[in-house]
There are 2 protein chains.
Amino acid sequence: MTPTRTTKLERGRGALGPALELVHTGRAPTRAVLTAELGVTRATAGAVAAELEALGLITVDSRPAVAAGSQGRPSHRLSVDPGGPVVLAAQVHADGFRAALVGLGGRIVATVPGAVTVEADPAQVLTEVVGAGAGLLRETGRRCLGAGLAVPSAVAEPEGTALNPLHLAWPPGAPVREIFTRCLAEAGVTGPSGEAPATGFAANDVNLIALAEHRHGAGRGARDLLCVATGHRGVGGALVLDGRLHTGSSGLALEVGHLTVDPDGRPCHCGGRGCLDVETDPLAFLEAAGREPGPETGLLKRALELLRTEYATDPAVRDAAHLLIDRLGLGLAGLVNILDPDRIILGGLHRALLEADAERLRSVIAERSLWGRSGKVPVLACELDYSGLVGAAELAWQPVLDDPMTAARG
Amino acid sequence: MTPTRTTKLERGRGALGPALELVHTGRAPTRAVLTAELGVTRATAGAVAAELEALGLITVDSRPAVAAGSQGRPSHRLSVDPGGPVVLAAQVHADGFRAALVGLGGRIVATVPGAVTVEADPAQVLTEVVGAGAGLLRETGRRCLGAGLAVPSAVAEPEGTALNPLHLAWPPGAPVREIFTRCLAEAGVTGPSGEAPATGFAANDVNLIALAEHRHGAGRGARDLLCVATGHRGVGGALVLDGRLHTGSSGLALEVGHLTVDPDGRPCHCGGRGCLDVETDPLAFLEAAGREPGPETGLLKRALELLRTEYATDPAVRDAAHLLIDRLGLGLAGLVNILDPDRIILGGLHRALLEADAERLRSVIAERSLWGRSGKVPVLACELDYSGLVGAAELAWQPVLDDPMTAARG
DNA sequence: CCGCTTTGTTCGTGGTGGATACAAAGCCAG
DNA sequence: CTGGCTTTGTATCCACCACGAACAAAGCGG
């Protein structure tokens, strides 16, 4: 009889999730590092790595890469399996959408843009989106373990409804997660089990930018990461605490747009005056620079273009940028006082403002935050392409990271 | 030979901490409930309860209490051991201090107030404080497992320094935790091991109020608890996330005092105008009511007294209260938009304002927070006596809750 | 080629908690 | 009062996971 004893492959379940997360985020390039990061013995790390390899999630390469230079036996290299399973990720925005297949490590395997008519309702849009994603799955033949969606709206939890879908002809309160999940089922997209139809995840795009940057971009290693970004209109925020998105008790945390940054500023629909939302978004910049803002769509692109090309030459543009930097700094200082992050990353127009005059922004923050504390808070630019998309993928990967054994067994 | 097999008492280490926390917070009155809450089998829960009893932390009473009414075998009652070990807790404030011995469950076993001269430096004050606590320990003969201190100041982590000790003649940046620990060592106060000198914990008093209320008071069961409270001057905030204090990356989170709540308000030392800090504290109330504020110490008491006695009779007092309620509501709405708590509790003057006109406060919050969400956020009054003291004790109990086996073995 | 260092692997062990069967302690119906 | 019924506590066995120790492997340098 063959022995029925537990095989080595079945060992190491408990540390499986943390180990996969370390490889996924690039913090465990070798098995030796994995051993140290997990705080386990070499034996355990070996079993865990072998199991993840058997699940088809990572590859273990025993050949030394570049002769690390240190003495002793070279450690096996760990990396995400480039041919492993993927998740379906999608981002919807005012101008259309983009669907993608994303592997572990935030690698975009395949991606395709799409357009939708402005008047399309959520079901129409998401059918298109999921159709595009399913097309990519067919073309590539990859195994799919889940699906995530980024929307330009606050998403209420646990309902999964989009409360204020900006610039989309969606009814406020549309149950996007439910619709997304239904579209996935209709398209036959598989989920964590590998077979059952996928449960869709959906979240606000800025939240997902923060998540992606935390794991694969400018936020790596931060414990309390604050992300602030603009789209075409308005300002969004997100906070990652201890590696997890902080969405608050109903998913609506970090609505940072209505901090007062100019007591004499213009009125805001929220009832206040001089809110961050209306004082530091692309529209505010274009108006402050004395330009004709033009149509709603493309506001962000035009603002970025103006800042890039004429900041150095046109005093009106420079003054407008400085005005926005000052107001943004005030808002960020307020957030520093409340949240005390150890890193801030900026996206959209705010990122461009940071790059235009980082010193000015940092000094405003330092000046208006208590005890000069934030003088020490690094303020960085988002660095990932398609971070919303990658963040949506992170959402879908999460069940696999939490329990690789049951979520990824094939 | 006696068998060297593992005894039952040595089992169940992993679930020990969560189990103690459940009994400590009153969420596990019986062993059956403990089983359900822990999500383990009855066997495991039994082993865990037996171990905690053997450690002298809880008592297991097999006699049915009041005939629960339901059928089936009555479950053993679990409770904190009233004769068990204690921690030394102390709170320093403008008028003096209070030292206490606090058992599990937030029970104050013994307490004594103390006075200090206004000019006393931290070492003098804490020597007095620890002396008073050590006296209580001698009188009662209780075993001491740690010590915690509440101070009316932001406390920077990980340094443990008091940045802005209000109304105390302490130098900003005083290393209170270090001084506290030294005083404990000099007084021979024992710590978690039961023998080694205790490491002192110190934190901001509002943070500790939030922690205490979360575990034993109005915040029980909340997942994201926001606490806002006034002392004599200024406004403090605190946030408890998933049962843990959120102090931010450097301990300085929830400095909520400088949210703008009145664009036309008075200037604040922070550089802004109309900050929550200067618009809703006791001094602001007394001035708004047209009263002579008088000396710094006792401001809170006089404000509370005025509100209690003349709110119903003096229109000036009522108008002042309404003004402060409106401003407080604006500030709380801002915090709701950023933090999305599922409960808010108010202390000090803010608590009294809530009790004066809860409806007005709730409607202001609902009006100025996005999507009417906060209309559903309960706003409650702090309900514990000496919550700062109890919170300081929670800080000291934490190592025991995290690992009862090593922290409490006698 | 032989030490030296570091890494991977095999094998045994221990502690943790699950499953099961059984005993105990209450209520209720007869 | 006695025999179901229900729920809780307990004893025993066992699966699992990670640790420790010993050994093998793979590089470097003399």
Side-chain angles (χ1 to χ4, degrees), chain A residues 3-20 28-54 58-78 403-406, chain B residues 3-19 28-54 58-78 403-406 409:
Chain A
T4 54
R5 274 176 49 80
T6 61
T7 76
K8 183 183 55 181
L9 277 190
E10 289 175 4
R11 299 192 6 179
R13 266 259 294 282
L16 223 53
L20 181 57
T30 68
R31 243 189 57 176
V33 174
L34 179 67
T35 303
E37 288 289 319
L38 286 177
V40 298
T41 59
R42 293 199 300 274
T44 303
V48 166
E51 173 121 10
L52 290 175
E53 190 177 27
I58 71 171
T59 57
V60 181
D61 188 350
S62 56
R63 289 161 313 184
V66 279
S70 67
Q71 52 182 355
R73 174 176 173 177
S75 187
H76 293 180
R77 301 196 76 74
L78 303 179
D403 185 357
M405 192 63 176
T406 62
Chain B
T4 54
R5 274 176 49 80
T6 60
T7 74
K8 184 182 51 181
L9 275 191
E10 290 175 3
R11 298 192 9 179
R13 265 260 295 281
L16 222 53
T30 68
R31 242 188 56 175
V33 175
L34 179 66
T35 303
E37 290 288 319
L38 285 178
V40 298
T41 59
R42 293 199 298 274
T44 302
V48 166
E51 173 121 7
L52 290 176
E53 189 177 28
I58 72 171
T59 57
V60 181
D61 188 351
S62 56
R63 291 160 313 186
V66 279
S70 67
Q71 51 181 352
R73 174 176 173 176
S75 187
H76 293 182
R77 303 196 76 74
L78 303 179
D403 186 359
M405 192 64 176
T406 61
R409 73 157 125 253

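What you see is a predicted model, and the numbers here were worked out from it, not measured in a lab. Order of the sequence lines fixes the chain letters, A, B, ..., with proteins taken first and strands second; residue numbering starts at 1 for each chain. Keep in mind that the numbers below use all heavy atoms, side chains included, and drop hydrogens, waters and symmetry copies.
- Residue pairs satisfying the side chain to side chain donor-acceptor pair (under 3.5 Å) criterion with at least one member in residues 30-41 of chain A, sequence neighbours excluded, are listed as follows: A/T41-A/T44.
- D/dG9 atom P lies 12 Å from atom CZ of B/R77, rounded to whole Å.
- Of all the heavy atoms in B/A49 and B/I58, the pair that sits closest is O-CD1, 3.9 Å.
- Atom C1' of nucleotide C/dT7 and atom CG of A/L38 are separated by 16 Å, given to the nearest angstrom.
- Between B/T41 and C/dG17, a side-chain N or O to OP1/OP2 separation shorter than 4.0 Å is absent.
- A donor N or O paired with an acceptor N or O is found under 3.5 Å between the base of C/dT7 and the side-chain atoms of A/R73.
- For the pair B/L78 CG and D/dT8 P, the computed distance is 13 Å after rounding to whole Å.
- Look at CG on B/L34: it is 12 Å from P on C/dG17, rounded to the nearest Å.
- Of the two residues contacting DNA chain C, namely B/G72 and A/G72, the nearest-nucleotide position lying further toward the 5' end is that of A/G72.
- Between A/V40 and A/A45 the shortest heavy-atom distance is CG2-N, 3.9 Å.
- Across all non-hydrogen atoms, the minimal contact from B/V33 to B/A28 is CG1-CA, 4.1 Å.
- Distances shown here put every side-chain N or O of B/S75 at or beyond 4.0 Å from the OP1 or OP2 atom of D/dT7.
- A straight line from CZ of A/R42 to P of D/dA22 spans 13 Å, rounded to a whole angstrom.
- Atoms NE2 (B/H76) and C1' (C/dA25) sit 9 Å apart, rounded to a whole Å.
- We find that CG of B/D403 is positioned 15 Å from C1' of C/dT16, with the value rounded to whole Å.
- Protein atom CD of B/E37 is 17 Å distant from nucleotide atom C1' of D/dT8, rounded to whole Å.
- Listed pair A/R31 / C/dG8 meets the phosphate criterion, a side-chain N or O lying under 4.0 Å from OP1 or OP2.
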